[in-house]
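Just follow the structure's listing: the first ligand is 1, and inside any ligand the first atom is 1.
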Amino acid sequence: MKMFVLMWLACFGSASHAATVGQVLTYRKLQGHQIVRISGDSLDTFLSEALKAIPSLDILHRHSVGETRARVAPTDKEAFHSLLAHSDLEHDVEVEDLSEYLRAHDLKQQRAASARLEETCDESGCPAPLKSSYMTFEQMERYMMDLASNNPARVQLTSIGKSFEGRDIWMVHVSPDGSRISDSDSASPGSVWIEGGLHAREWISPSSTLHLLHERVTACDSQCDLDYYFVPIANPDGYEYSRTTDRMWRKNRAVTTRSDCGGVDLNRNWDYKFGVGASSDPCSETYMGPAAFSEPETRALSNAMSKVDNLKLMITFHSFGQAVLYPWGWTNEPIEDKEQLVRAGNAFADAAMRITGKSYAVENSAGGLYFASGATDDWAKKVLNAPYSFTIELRDSGMNGFILDASEIGPTAREVVAGVSALISEIRK
Ligand code: 0X9
Ligand code: ZN
């Protein structure tokens with residue numbers, strides 16, 4: 001009976017009831033999980049050894065030299081701390097129990113929820129992406145549908161394929177604004193592809209992508225002669241799973257050869273240098289999958305991106321770490337056109353700094369971060385020859401990581417809009 005009530009609430013109950021049920025599950029999965037901050041010179045060697053001993057160790061970021069945060073499950077705590085004790089690294093447990101940390105964070109969010117009342121995003125309409133809370137996948141769909149039906153001349157919404165669990169992967173094509181282009185130069189000078197939400201738990205990514213989309217359509221000013229292709233939520237199954245069941249979920253929801261470990265890291269599954277700097281263990285957070293493009297999500301994305309004419313710029317938004325990363329990620333051999341990539345990256349970083357005071361590092365993926373192949377950025381650069389290809393890691397720099405307060409949605413969106421505008425101006429010079 002109890003089970004039935006829970007299922008009923010999850011499926012048909014009011015939004016707040018459903019959210020409560022979801023959160024209970026989300027947090028239960030993370031009971032006893034620790035977040036440990038580690039720093040020191042021998043960090044890289046330590047991490048590769050630790051990952052060999054504990055494949056499911058979750059390295060949350062590695063952006064600033066010599067420091068990282070890792071999530072460790074209760075079953076691995078002892079082994080992990082013994083490895084740490086035998087190293088010369090500094091370490092401290094920042095979060096003792098992630099489920100309690102999340103519950104406390106939620107209480108704070110609920111107190112700040114009054115602004116939510118002023119925003120609409122339901123069956124009656126969804127005029128703009130939300131700023132006071134992270135949207136559900138359904139709300140995102142609603143917003144994209146409303147945007148397309150309110151702007152039929154410029155906005156076209158297409159499902160480019162289905163996710164593993166059968167959700168649509170939506171692409172929004174924003175065509176050049178005809179009224180602003182003279183007949184003599186009516187051909188688009190190029191296309192821009194923006195990917196959001198490839199990693200499930202990085203909620204600020206789909207959120208910022210939707211805000212950027214909204215700005216390109218409703219406040220089109222000087223850059224509206226370009227073709228824009230947005231996929232705001234590239235991994236809808238993972239996103240929903242991270243909302244309802246496991247807040248720290250990163251991968252898609254594919255069933256793997258291991259019944260106890262599901263999901264493929266979609267940013268290791270692209271068909272360029274597949275398998276270099278990725279894991280073949282389904283229990284790893286960076287599991288590359290059984291083959292390149294084995295996943296419906298990466299197949300849909302790559303097929304659609306391949307059809308875009310004159311692709312000038314590809315940006316995939318991730319979090320966290322505040323960094324503009326340029327290829328390559330699979331090797332730290334310097335890229336030929338490093339200078340122009342850095343110039344464009346700096347334009348983003350300078351604009352973000354001007355608008356909100358937040359600092360973004362501009363660095364090479366492999367050098368600034370770690371070797372990782374099979375990612376969107378390297379594929380777009382190498383296979384599609386996109387002159388500009390970036391992974392942008394959004395807020396924050398590590399204080400809250402993925403559990404970024406909803407009050408940061410608005411400011412992050414402003415820095416993304418300013419940053420992307422400046423980057424596009426720079427590459428058009
Ligand atoms: O590891 C990743 O997939 C990205 N970082 S994240 O923390 N969002 O998971 C960075 C990918 C950078 N690009 C390549 N390594 N090619
Ligand atoms: Zn990511």
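- Residue D378 has at least one heavy-atom neighbour below 4.0 Å for each of these atoms of ligand 1: 16 (N).
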If you apply the rule side-chain hydrogen bond (donor to acceptor under 3.5 Å, both in side chains), what do you find for S39 with R69, and how did you get there?
CA-CA 9 Å; S39 59; R69 284 176 176 80; over 6 Å; no
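- Under a 4.0 Å heavy-atom criterion, E393 is in contact with ligand 1.
- The pair E240-R253 does not meet the salt-bridge criterion, since no charged nitrogen lies less than 4.0 angstrom from a carboxylate oxygen.
- An N or O contact shorter than 3.5 Å is missing between W330 and ligand 1 by distance.
- Numbered from 1 in the order shown, with element, the atoms of ligand 1 that lie under 4.0 Å from a heavy atom of R250 read 1 (O), 2 (C), 3 (O), 6 (S), 9 (O).
- Atom numbering of ligand 1 starts at 1 in the shown order; those under 4.0 Å from a heavy atom of H318 are 8 (N).
- Using a 4.5 Å heavy-atom cutoff, the side chains of M314 and F390 are not in contact.
- Of the polar atoms of A372, at least one N or O is found under 3.5 Å from an N or O of ligand 1, judged by distance alone.
- Remark: the backbone N or O of G401 is paired with a side-chain donor or acceptor of D396 at under 3.5 angstrom.
- Among D377, L266, N267, the residue whose heavy atom lies closest to atom 14 (C) of ligand 1 is D377.
- Atoms of ligand 1 lying under 4.0 Å from any heavy atom of E202, numbered from 1 in the order shown and given with element: 6 (S), 8 (N), 9 (O).
- Close contacts of ligand 1 with G329, meaning ligand atoms under 4.0 Å from a residue heavy atom, involve 14 (C), 15 (N), 16 (N).
- For the pair R247 and W203, the cation-pi criterion (under 6.0 Å, within 45° of the ring axis) is fulfilled.
- Ring geometry for W249 versus Y241: interplanar angle over 60°, hence perpendicular rather than tilted (30 to 60°).
- If you number the atoms of ligand 1 from 1 as listed, the ones under 4.0 Å from a heavy atom of S365 come out as 12 (C), 13 (N), 14 (C), 15 (N).
- Residue pairs meeting the salt bridge (charged side-chain N to carboxylate O under 4.0 Å, His left out) criterion with at least one member in residues 285-305, sequence neighbours excluded: R71-E285.
- Sorted by first and then second residue, the disulfide (SG to SG under 2.5 Å) pairs involving residues 239-349 (not counting sequence neighbours) are C261-C283.
- Using modelled atom types, no side-chain atom of K162 and backbone atom of A300 make a donor-acceptor pair closer than 3.5 Å.
- The residue from K381, K273, R268 that puts a heavy atom closest to atom 2 (C) of ligand 1 is R268.
- Closer than 2.8 Å to the Zn ion (ligand 2) sit the protein N, O or S atoms H199 ND1, E202 OE1, E202 OE2, H318 ND1.
- Figure legend: R167 and W170 shown without cation-pi pairing, the cationic atom not lying both under 6.0 angstrom from the six-membered ring centre and within 45 degrees of its axis.
- Side-chain atoms of E393 and Q322 form no donor-acceptor pair, as typed in the model, at a separation below 3.5 Å.
- Annotation: E90, atom CD; neighbour count of heavy atoms from other residues, nucleotides and ligands within 6.0 Å does not exceed 12.
- Residue-ligand proximity: G321 is placed with every non-hydrogen atom at 4.0 Å or more from ligand 1.
- Proximity to S319 (heavy-atom distance under 4.0 Å) selects the following atoms of ligand 1: 7 (O), 8 (N).
- The atoms of ligand 1 that sit less than 4.0 Å from any heavy atom of A375 are 14 (C), 16 (N).
- Residue pairs meeting the salt bridge (charged side-chain N to carboxylate O under 4.0 Å, His left out) criterion with at least one partner in residues 192-214, sequence neighbours excluded, are D58-R201.
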